[in-house]
2 protein chains.
Amino acid sequence: MTDRVRVLLADDEHLIRGALAALLALEDDLTVVAEAASGPEALAMATAHRPDVAVLDLQMPGLDGLEVAAELRHRLPDCRVMIVTGHGRPGYLKRALEVGVRGFLPKTVSASDLAGIIRTVRAGGRYVDPELAAEAISAGDSPLTPRETDVLELAADGSSIAEIADRASLSQGTVRNYLSSAAGKLGAENRHAAVRIAREHGWL
Amino acid sequence: MTDRVRVLLADDEHLIRGALAALLALEDDLTVVAEAASGPEALAMATAHRPDVAVLDLQMPGLDGLEVAAELRHRLPDCRVMIVTGHGRPGYLKRALEVGVRGFLPKTVSASDLAGIIRTVRAGGRYVDPELAAEAISAGDSPLTPRETDVLELAADGSSIAEIADRASLSQGTVRNYLSSAAGKLGAENRHAAVRIAREHGWL
DNA sequence: GGTCGGCGGTGACAAATGTCATCGGGTGCC
DNA sequence: GGCACCCGATGACATTTGTCACCGCCGACC
């Protein structure tokens, strides 16, 4: 542990990001070398400063944390990526692990925990919040087929079947079949409840 | 300004709250006298420590920031209340001002701004984020009657008309009338789109 | 080759939903 | 008193939606 850990912080909330940076600066083996307020900016800062660890907020303008993580994996394979999230829906954890994220934690952890986890991740370890992990395991995989997911996503804003069919370039009958099937798999009464359930599980 | 400003911090995200506390502690005229992670806890800490300024997150378990603000207004009329929010929907600002909140700002402000605004509010001033204010003005008041709002709220989770009627103790026909009227006023195609629109405006 | 599942579609039917007119009771305002 | 508006309800009607059965096509897997 001869060198200090070089950290990139990405969070669109300036207040939070600044506070975190100030707080991590108190740890004498950590250095915040770059900050970003959006997904694309995070990528740019990462390639410019080549941090050891990137701490990404899940929800950011432009590209979200997962998209940035996926891109970083290709551009900077040596950079470890951690995701910090406010409300952690289970499905995100699974997707995060798939794109090589080494740490996944809610914002309810304490600052000293965060510093510790950064060190763990830097050393090659992994950390996943136990509660989020339990939820993810109990939630399991999405039972929906890719197409069902697509169509359900188009239904998410309350559009009519006709609109969905139009945007998906499908016949209305097909759309109804998919939505009916998806609602059945999710145990929902109608497509709108299905959207809500899929959202809660992070399957959307 | 002989005394230091006594501040209460309430935010359910431990990481954020701790970071903010550390950051405000750097200002030599501010003291964080209490922290809370939920609405009820915020109330309890406030009555126990009688802060000059309460900085409340909008979304908290138990009671949200607005409910805490309303309660504080009665219990501690001398305590100035500020709301800090992640994604600020317009309607909340209006409701916040109605319950006597003196400061309303998004988490995108910088830490030094926050400290400055705390001082402003403490001195009896007000501060509202200009962008949120503009949105609130353009959004205007909700066109919905109280009952329409109630029923729309019950429809928010994708329930069927029958369930809504049951929970609201209304006839199904009445429920449909209210929803139809609400959808019409909001320019929505159906009640689900109406829910989305009302949510976006903070009218729900 | 056979089977299974996903994809896209059609047709038909029942149920849910949206829409409209209309009613009575209440409240508040001019 | 007259008027406007909200509340709650009913009935009728057209439309949308959900559900099911069934079709062909394709790719994967055994």
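Protein chains get the first letters and strands the later ones, always in sequence-line order, with residue 1 at the start of each.
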**Study point:** K185(B) NZ to dG18(C) P, straight-line distance once rounded to whole Å
**Key:** 16 Å

Review point. How close or far is atom P of dT16(D) from atom CZ of R191(A), stated in whole angstroms?
Key: 12 Å

**Study point:** Side-chain (D52(B)) to main-chain (R6(B)) donor-acceptor, under 3.5 angstrom
**Key:** yes

Review point. Roughly, in whole Å, what's the span from CG in L144(A) to P in dG5(C)?
Key: 16 Å

Review point. Given that S180(A) and L170(B) both sit by DNA chain D, which one's nearest nucleotide is further toward the 5' end?
Key: L170(B)

Check your understanding: Roughly, in whole Å, what's the span from OH in Y178(B) to P in dC20(C)?
Key -> 18 Å

Practice item. On DNA chain D, check which nucleotide each of Q172(B) and E148(B) is closest to and give me the residue with the more 5' one. Key: E148(B)

Practice item. Counting heavy atoms from C-beta on, name the nucleotide in dT10(D), dG18(C), dT10(C) closest to the side chain of S171(B). Key: dT10(D)

Exercise for review: Check if the side chain of N190(A) and the base of dT17(C) share a donor-acceptor pair of N or O atoms closer than 3.5 Å.
Suggested key: no

Check your understanding: Counting N and O atoms only, with roles assigned by atom type, does the side chain of E27(A) sit under 3.5 Å from a partner on the main chain of L24(A), one being a donor and the other an acceptor?
Key -> no

Check your understanding: With a non-hydrogen cut-off below 4.0 angstrom, is T145(A) in contact with a base, only sugar-phosphate, or nothing?
Key -> sugar-phosphate

Review point. Taking atom C1' of dC6(D) as reference, at what distance in whole Å does atom CG of D150(B) sit?
Key: 13 Å

Check your understanding: Do I164(A) and R191(A) come within less than 4.5 Å of each other through their side chains, counting heavy atoms only?
Key -> yes

**Study point:** R17(B) side chain to D11(B) backbone, donor-acceptor under 3.5 Å
**Key:** yes

Review point. Atom CG of L179(B) to atom C1' of dT16(D): distance rounded to whole Å?
Key: 15 Å

Practice item. Find the distance R176(B):CZ to dT15(D):P and express it as a whole number of Å. Key: 16 Å

Exercise for review: Mind calculating the distance between CZ (R147(A)) and C1' (dC26(D)) to the nearest angstrom?
Suggested key: 15 Å

Practice item. Check whether any side-chain N or O of T174(A) sits under 4.0 Å from OP1 or OP2 of dG9(C), and answer yes or no. Key: yes

Exercise for review: Could you tell me whether the side chain of N177(B) has a donor or acceptor atom within less than 3.5 Å of a complementary atom in the base of dT10(D)?
Suggested key: yes

Exercise for review: Decide, yes or no, whether a salt bridge links D29(A) with R122(A) under the criterion of side-chain N to carboxylate O below 4.0 Å.
Suggested key: no

